[in-house]
Amino acid sequence: MFIVGTIISRLIFFYSIALIIYIFMSWVPAAYESKFGQILGKICDPYLELFRRFIPPLGMIDISPIVALFVLNLANQGVVSLFNGFLL
């Protein structure tokens with residue numbers, strides 16, 4: 001059971017890294033139009049859209065990715081706690 005928890009935790013970690021890269025790509029002009037940007041967009045946009053529906057941008061700043069990363073981190077901690085509890 002510990003292996004399943006580790007795999008899920010690692011997948012969440014790698015998805016968090018993909019989100020961070022996708023967020024930083026907004027600083028580079030035309031980065032979203034590259035092949036890499038399109039692939040990350042297909043992976044990251046559905047998750048980010050969940051938060052963009054409820055959290056409006058503050059002027060020119062979109063804080064929904066910060067909230068999305070925070071929720072993903074909480075989910076990762078929950079997975080780790082859940083599967084560590086099975087070891088007891």
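Numbers for residues simply follow the sequence, beginning at 1.
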Residue of the set Ile8, Leu11, Leu74 for which side chain to side chain contact (heavy atoms under 4.5 Å, CB included) holds with Val79: Ile8
Reported CD1-to-CD1 distance for the pair Ile7 and Ile12, which is rounded to 0.5 angstrom: 12.5 Å
Leu19 side, atom CG; Ile66 side, atom CD1 - distance, nearest 0.5 Å: 12.5 Å
Interatomic distance, Leu69 atom CG to Ile23 atom CD1 [nearest 0.5 angstrom]: 4.5 Å
ILVMFWY cluster, Ile55 and Val71 together (side-chain gap under 4.5 Å): yes
All ring-ring contact (aromatic ring centres under 6.0 Å, His included) counterparts of Tyr47, not counting sequence neighbours: Tyr15, Phe51
Residues in salt bridge (charged side-chain N to carboxylate O under 4.0 Å, His left out) contact with Arg52, at least two apart in sequence or another chain: Asp45, Glu49, Asp62
Nearest-0.5 Å distance, CD1 of residue Ile21 to CE of residue Met25: 9.0 Å
Ile61, CD1 atom: more than 12 neighbouring heavy atoms under 6.0 Å: no
Asn84 side, atom CG; Ser9 side, atom OG - distance, nearest 0.5 Å: 9.5 Å
Gln77 CD to Leu82 CG distance, which is reported to the nearest 0.5 Å: 13.5 Å
Name every donor-acceptor pair, under 3.5 Å, that has one atom in a side chain of residues 33-44 and the other anywhere in the protein, sequence neighbours excluded.
from: Ser34; atom 1: OG; to: Ala31; atom 2: O; distance (Å): 2.8
from: Ser34; atom 1: OG; to: Gly37; atom 2: N; distance (Å): 3.1
from: Gln38; atom 1: NE2; to: Glu33; atom 2: O; distance (Å): 3.3

Shortest non-hydrogen contact from Ala68 toward Leu48: CB-CD2, 3.8 Å
Tyr32-Trp27 co-clustered via ILVMFWY side chain contacts under 4.5 Å: yes
